[in-house]
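What follows is one structure encoded as structure tokens, with my remarks underneath.
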Amino acid sequence: MAWYNKACYLSLLNEVPHALESLKRSIEIDVKNAKRAVRDKDFTNVRIEDGFKRIVEVVVLESIRQGYHTVGAIVWTTFISKIETEEALKKLLEKGMIIRSEKRQGLNKIDTYDLVPELANKVGTEKKSLLGSTRRLPSTIKNLKEVSQAIQTTKMVIEEEDAEKLTKTFDSFIDPAKLGGLMIDQFLEEHREIRLLKVRIDEKGKEYLKENKEKILKLFDNLEITVTQKLRG
């Protein structure tokens with residue numbers, strides 16, 4: 001929010017390039033700021049800029065991913081004007097990120113938009129129904145979220161200084177039936193370190209854990225940062 005508020009301030013001062021740069025930083029940290037920005041009157045001075053139009057495209061693309069496939073539905077959920085929505089859809093079609101098809105509604109035909117299959121597989125999609133939305137996450141994101149949750153659990157056990165419980169927790173990162181395969185594929189160095197730590201704690205017990213507690217916590221802090229960056233990517 002600090003970057004977002006700075007972007008608002010700079011936009012009101014009509015410092016367009018700096019405002020867009022701050023807004024971009026804000027969105028990189030939390031993509032929800034893109035949706036907030038497109039309906040924020042503080043950005044009136046930068047709406048005509050190409051950089052801001054790309055932010056509108058991000059919001060429109062996210063709306064399609066969430067299961068809103070027509071111009072009317074996108075306008076309703078994002079509060080972007082119809083003209084801006086149609087312009088963003090045209091750009092996304094040119095970039096090959098979405099596909100357009102026709103759907104019959106009564107006597108009329110309306111255009112509907114979907115993510116191209118390759119992109120849908122990467123980012124996941126949501127389907128709307130009378131029972132609410134159903135989200136399909138790509139397996140990579142699902143697995144990374146599981147790693148993130150396992151890290152949180154492990155850090156709590158480290159703080160408890162329970163050596164026996166910790167070595168069992170390490171199994172989540174080592175066992176191929178759990179997260180071991182993913183760790184080897186994407187975090188090989190960390191996988192090796194965790195295996196070594198398990199052996200040492202098994203051999204030396206709680207004293208080794210207490211002596212190396214900060215070092216072990218740092219290992220999992222760094223792993224958490226890497227996982228978070230991958231999830232954002």
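Predicted model, so just to flag it, every value in this text is computed and none were measured.
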Salt-bridge criterion met for [X] and [Y] (N-O under 4.0 Å):
X      : Y      : result
Glu62  : Lys35  : no
Asp50  : Arg54  : no
Glu146 : Lys178 : no
Glu211 : Lys204 : no
Asp221 : Lys155 : yes

Legend entry - Trace of the side-chain contact (heavy atoms from CB on, under 4.5 Å) decision for Ile158 with Thr169: CA-CA 10 Å; Ile158 293 168; Thr169 306; over 6 Å; no
Inset, instruction - Compute the centroid of each ring, for Phe220 and then for Phe173, and state whether the two points are separated by less than 6.0 Å. - result: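 So the answer is yes for these two rings.
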Legend entry - Tyr4 six-ring face occupied by Arg36 cation (under 6.0 Å, within 45°):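 Yes, a cation-pi geometry holds between Arg36 and Tyr4.
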Inset, instruction - Would you tell me whether Asp42 and Ser11 have side-chain atoms, one donor and one acceptor, within less than 3.5 Å of each other? - result: no
Inset, instruction - Could you tell me whether the side chains of Thr112 and Thr70 share a donor-acceptor contact shorter than 3.5 Å? - result: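 No pair is found: no donor N or O on one side chain lies under 3.5 Å from an acceptor on the other.
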Would you say that [X] contacts [Y] through its side chain, given a criterion of any heavy-atom pair below 4.5 Å between the two side chains?
X      : Y      : result
Ile216 : Leu197 : yes
Val16  : Leu10  : no
Glu57  : Lys95  : yes
Leu115 : Met97  : no
Trp3   : Leu23  : no

Inset, instruction - Heavy atoms only: give me the nearest Lys53-Ile48 pair and the separation to one decimal. - result: CE-O, 3.5 Å
Inset, instruction - Given side-chain contact (heavy atoms from CB on, under 4.5 Å), test Leu166 with Ile201 step by step and report yes or no. - result: CA-CA 9 Å; Leu166 182 58; Ile201 294 173; 3.8 Å; yes
Inset, instruction - Output the distance between atom CG (Asp162) and atom CG (Leu209), rounded to the nearest 0.5 Å. - result: 8.5 Å
Inset, instruction - Would you give the length of the straight line joining atom OH of Tyr113 to atom OG of Ser63, rounded to the nearest 0.5 angstrom? - result: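 Taking OH in Tyr113 and OG in Ser63, the distance rounds to 12.5 Å.
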Legend entry - Worked verdict on Lys109 versus Lys103 for side-chain contact (heavy atoms from CB on, under 4.5 Å): CA-CA 5 Å; Lys109 289 183 179 179; Lys103 179 181 178 182; over 6 Å; no
Inset, instruction - Decide side-chain contact (heavy atoms from CB on, under 4.5 Å) for Val75 and Ile80; before the verdict, give the C-alpha distance in whole Å, the side-chain angles of both, and the deciding distance to 0.1 Å. - result: CA-CA 5 Å; Val75 170; Ile80 302 172; 5.9 Å; no
